[in-house]
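Heads up: the structure comes next, in structure tokens.
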Amino acid sequence: MHRHTWELIHKFIVWVPSALITGYFFLLEIASSASNPIAKAWSDNQWVMLAAMTKAAYVLPWASVLLGLWIVVVLWSARQMRETAKLKSDPTHQARGLVVMIIERIRTVLGLRAVARVTASVETKVSRAGAIANERIPLLDLRNLAIGAGWPTDHQDAKWLDFTKALRQSAVDGLLNVWGRQNSSDVDELVANEPLLLIDKSHWIAFEIDTISMCSANKNLNVRTYNMRAHDWGKRDSYRDLHVSNGQAEQWLKNLPFRKGGASDE
């Protein structure tokens with residue numbers, strides 16, 4: 001128990017019994033003084049009771065018991081206080097307390113390091129996510145870059161079929177990463193809420209980019225993949241809002257054979 005707590009207990013058990021005993025014998029003194037004004041105000045019955053309490057044969061045993069209990073409690077309290085003080089001054093106890101303090105400090109430091117590691121990991125992931133988001137560009141942007149590099153401005157030109165065919169092959173070969181949103185609904189707003197997913201290479205075995213949507217669309221959300229051999233064009237397994245890796249796309253576009261005004265005639 002804490003030292004201050006023992007001090008409070010010691011004061012209580014010393015002063016409260018002392019006050020009770022003093023008050024008790026004070027009342028006995030009042031009862032024995034017939035000329036006391038307070039004594040005159042008491043009824044006869046009350047004086048008879050106090051007079052009985054003044055008898056030594058009644059008072060002394062109870063006073064002895066109360067005094068004995070008070071002495072025992074005082075001695076016990078003093079002993080507890082000495083043991084507490086001795087324990088605190090014991091080198092072993094002090095060393096144990098120092099070890100506990102060191103362990104708590106180590107745990108605190110390790111906890112802070114763990115928090116720092118988690119924070120760094122989250123920051124790295126956020127940074128990586130931001131880098132990925134920055135390196136993705138909509139497929140319509142790639143189309144416009146191609147036009148700037150010499151591809152036909154006429155979106156109905158058949159050479160754009162070569163363009164989407166080359167895109168599909170590069171995606172299968174892993175030379176060009178393509179992302180898209182799962183075509184989970186006929187409602188554009190719901191599809192727009194879908195996350196951009198990196199499209200697996202296996203998707204391109206059966207699916208290809210819808211050249212018409214890529215050439216005619218004003219919104220990238222309308223650029224999609226489709227399976228011309230499947231029922232309903234494989235709608236539920238298709239992707240919309242196609243994106244490509246910016247760095248890969250620029251290099252891919254440079255390496256793509258074309259001639260001024262169109263793609264390679266090969």
Side-chain angles (χ1 to χ4, degrees), residues 122-228 233-264 266:
V122 172
E123 290 177 350
T124 300
K125 291 179 179 179
V126 171
S127 177
R128 175 57 182 161
I132 292 175
N134 290 333
E135 77 173 27
R136 284 193 296 249
I137 61 171
L139 192 56
L140 290 187
D141 287 359
L142 178 59
R143 180 197 69 184
N144 295 334
L145 289 174
I147 292 174
W151 284 79
T153 56
D154 182 4
H155 293 162
Q156 295 182 356
D157 194 307
K159 293 182 177 63
W160 284 108
L161 291 172
D162 296 335
F163 186 86
T164 55
K165 180 180 177 181
L167 272 175
R168 180 187 181 192
Q169 185 62 54
S170 296
V172 172
D173 295 339
L175 300 177
L176 187 64
N177 291 331
V178 183
W179 290 265
R181 304 183 195 277
Q182 289 182 323
N183 193 11
S184 57
S185 173
D186 293 329
V187 180
D188 288 352
E189 288 75 11
L190 295 178
V191 175
N193 286 332
E194 295 287 342
L196 279 173
L197 301 176
L198 182 62
I199 301 175
D200 191 80
K201 295 179 183 180
S202 60
H203 178 78
W204 302 106
I205 296 175
F207 283 79
E208 55 190 284
I209 297 173
D210 183 359
T211 307
I212 296 176
S213 69
M214 187 196 72
C215 291
S216 61
N218 293 321
K219 295 195 308 181
N220 199 71
L221 186 64
N222 294 330
V223 181
R224 68 190 72 204
T225 65
Y226 75 106
N227 183 352
M228 63 184 303
W233 308 108
K235 185 175 181 180
R236 291 307 176 202
D237 294 321
S238 64
Y239 288 87
R240 296 175 57 183
D241 195 15
L242 303 181
H243 287 63
V244 294
S245 170
N246 188 19
Q248 290 177 337
E250 291 180 355
Q251 188 62 39
W252 175 82
L253 193 58
K254 291 178 181 178
N255 296 334
L256 187 65
F258 72 96
R259 59 180 175 81
K260 191 67 175 177
S264 172
E266 296 179 0

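Start at 1 with the first residue, then count along the sequence. Because the structure is predicted, anything quoted here is derived from the model rather than measured.
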- Find the distance between OH (Y239) and CG (L198) and round it off to the nearest 0.5 Å. 9.0 Å

- Contact summary for N222 and A217, nearest pair of heavy atoms: CB-CB, 4.0 Å

- Does the side chain to side chain contact (heavy atoms under 4.5 Å, CB included) test come out yes or no for S245 and E135, once each step is laid out? CA-CA 6 Å; S245 170; E135 77 173 27; 4.0 Å; yes

- Item | Among H203, R240, R168, the one residue meeting side-chain hydrogen bond (donor to acceptor under 3.5 Å, both in side chains) with T225 | H203

- Message: Measuring only between side-chain heavy atoms, which start at C-beta, is I137 closer than 4.5 Å to L145?
- Response: yes

- Would you say N220's side chain and L139's backbone share a donor-acceptor pair under 3.5 angstrom? yes

- Euclidean distance, F163 CZ relative to I209 CD1, rounded to 0.5 Å: 8.0 Å

- Take K219 and D188 through the side chain to side chain contact (heavy atoms under 4.5 Å, CB included) test and state the conclusion after the steps. CA-CA 11 Å; K219 295 195 308 181; D188 288 352; 4.2 Å; yes

- Other residues, nucleotides, ligands: >12 heavy atoms within 6.0 Å of L221 CG: yes

- Where do F207 and G234 come nearest, in terms of heavy atoms and distance? CE2-O, 3.4 Å

- Item | Separation between OG1 of T211 and CD of Q156, rounded to the nearest 0.5 Å | 13.0 Å

- Distance in Å, N183 CG paired with L190 CG, rounded so as to fall on 0.5 Å steps: 11.0 Å

- Would you say the side-chain atoms of R224 pair up with the backbone N or O of S238, donor to acceptor, closer than 3.5 Å? no

- Test S184 against every option in K235, E194, R236 by the side-chain hydrogen bond (donor to acceptor under 3.5 Å, both in side chains) rule and name the one that passes. E194

- Item | Atom of P152, atom of I147 and distance for their closest heavy-atom approach | O-CG1, 3.8 Å

- Report the distance from atom CG of L242 to atom OG1 of T164, rounding to the nearest 0.5 Å. 11.5 Å

- Backbone of E189 reached by a side-chain donor or acceptor of N193 within 3.5 Å: yes

- Query: Distance from D241 atom CG to L140 atom CG, nearest 0.5 Å?
  - Reply: 9.0 Å

- Can you tell if the side chain of V244 reaches within under 4.5 Å of the side chain of Q248, non-hydrogen atoms only? no

- Message: Could you report the tightest heavy-atom contact between A166 and L256, atom names first, then the distance?
- Response: CB-CD1, 3.7 Å

- Contacts of W233 that satisfy ring-ring contact (aromatic ring centres under 6.0 Å, His included) - sequence neighbours left out: Y226

- Query: Can you name the closest pair of heavy atoms from V178 and A171 and give their distance?
  - Reply: CG2-CB, 4.1 Å

- Derivation of the side chain to side chain contact (heavy atoms under 4.5 Å, CB included) call for R181 and L196: CA-CA 5 Å; R181 304 183 195 277; L196 279 173; 3.7 Å; yes

